[in-house]
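The structure under discussion appears below in the form of structure tokens.
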2 protein chains.
Amino acid sequence: MKESAQDRLRRYNIKPSVQRMAVLDYLMTHYTHPTADTIFNALYPSIPTLSKATVYNTLNLLTEQGVIQMITIDEKNARFDARETPHLHFRCNSCGEIFDFELPPLQMEALKDYDITDVQVYCKGECPTCQKNKHIINN
Amino acid sequence: MKESAQDRLRRYNIKPSVQRMAVLDYLMTHYTHPTADTIFNALYPSIPTLSKATVYNTLNLLTEQGVIQMITIDEKNARFDARETPHLHFRCNSCGEIFDFELPPLQMEALKDYDITDVQVYCKGECPTCQKNKHIINN
DNA sequence: TACAAAATTGTAATCATTACAAATAAAGAA
DNA sequence: TTCTTTATTTGTAATGATTACAATTTTGTA
């Protein structure tokens, strides 16, 4: 049985308001690394009073508390990820899609005196599909 | 004998204009992960006709051509790094400083079909100095 | 010297994100 | 319940890094 957004918020001692549950639930059911704007547009129809400021507030709160991750692999805007298992991100420079991969264990003795709360691994390049389609003229 | 900014530009087949040499030279003599703004302010006194647009143009060109790396560990603004050896970045959430560390080799068989042109590893947390200073009241 | 291409410049525009004050909702006490 | 306090949400204006773009300058070459 999968944990609900509400339970996850409770686990982090965050009051589960309607808005917070909606944002987190969206991330827990869409592992597509959405932007704040994408989340807002997805939730707006069902919560017509929702404000974009609330989406930003919530995403920042969840990121600060470690409930979700903010991903800065895209220079244009932040993306968000509710996955709890360590993983790395690959972004295709052609199609822009972001792929998840298992994260190989990192040995970092050099950082033993550093209190590490977050590790992000970003790979960039071209995905197999775009490599194959290279000969096709893209507009 | 260390390679000059001019030679490095030539190595990448980029025309070594005064502005480009100045930007790259700054990065090759200041491994401090500066922002575009920091670079502009540092160069402006000696090149009074320099435009901030040129700094951005140059940084984008150098990043696209793989001469330097753009680092997005700081959510606010991009930082730039001319180091050529693989390394990881640690950002202290208290003092904001960015530290370089040797990058342990990453085994990524899962990505063998992906054409990887860039790998970035970002660690965030608290540096030893800030850990020690925790008891001091910060304003 | 003259022409074409490339690079630089200044400034306006963009646009994601934040600031902030007002409005609303929730929680607690009496 | 009703009053009071606190937390959350909302709408909108402001911020600020980055980009767009047209004009200007520089460079390369004939």
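Letters go in sequence order (proteins before strands), and every chain restarts at 1. Predicted, not measured: the structure shown is a model, and the values here were computed from it.
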Rounded off to whole Å, could you give me the CD1-to-C1' distance for the Ile47(B) and dT9(C) pair? 13 Å
Does Thr49(A) reach a base, just sugar-phosphate, or nothing at all? Heavy atoms under 4.0 Å. sugar-phosphate
Just the rounded figure in Å: distance from P of dA16(C) to CG of Asp37(A). 6 Å
Integer-rounded Å distance: dA7(C) C1' and Arg20(B) CZ: 6 Å
First encountered from the 5' end of DNA chain C, between Lys76(B) and Val18(B): Val18(B)
Between C1' on dA17(D) and CD1 on Ile39(B), what's the gap in Å once rounded to a whole number? 14 Å
I need the minimum non-hydrogen distance between Ile73(B) and Cys123(B), along with the two atoms involved. CD1-O, 3.8 Å
Rounded to whole angstrom units, what separation is found between the CD1 atom of Ile14(B) and the P atom of dT8(C)? 11 Å
Using the closest heavy atom to pick a nucleotide of DNA chain C for each, name whichever of Lys15(B) or Pro48(B) lands nearer the 5' end. Lys15(B)
Contact under 4.0 Å: Ser17(A) side-chain N or O vs dA25(C) OP1/OP2: no
Among side-chain atoms of Asp74(A) and His33(A), is any donor-acceptor pair under 3.5 angstrom? no
From dT8(C), dT9(C), dT9(D), nucleotide with atom closest to Ala53(B) side chain: dT9(C)
Tyr44(B) atom OH: more than 12 heavy-atom contacts under 6.0 Å: no
Rounding to a whole Å, what distance do you find between Gln19(B):CD and dT26(D):P? 10 Å
If I take atom OH in residue Tyr56(A) and atom P in nucleotide dC20(C), what distance separates them, rounded to the nearest angstrom? 18 Å
Nearest-neighbour nucleotide for the Thr54(B) side chain, dT10(D), dT8(C), dT8(D) considered: dT8(C)
Rounded to the nearest 0.5 Å, the CG atom of Leu106(B) sits from the CG atom of Leu103(A) at a distance of 7.5 Å
Just how far, in rounded Å, is C1' of dT9(D) from CG of Leu61(A)? 13 Å
Among dT18(C), dA26(C), dT18(D), which nucleotide sits nearest the side chain of Asn77(B)? dT18(D)
Between Asn77(A) and Arg79(A), is any side-chain donor less than 3.5 angstrom from a side-chain acceptor? no
Students often get this wrong, so: under 4.0 angstrom with heavy atoms, is Lys52(A) touching a base, only sugar-phosphate, or nothing? nothing
Selected nucleotide, minimal atom distance to Asn60(B) side chain, candidates dT19(D), dA7(C), dT10(D): dT19(D)
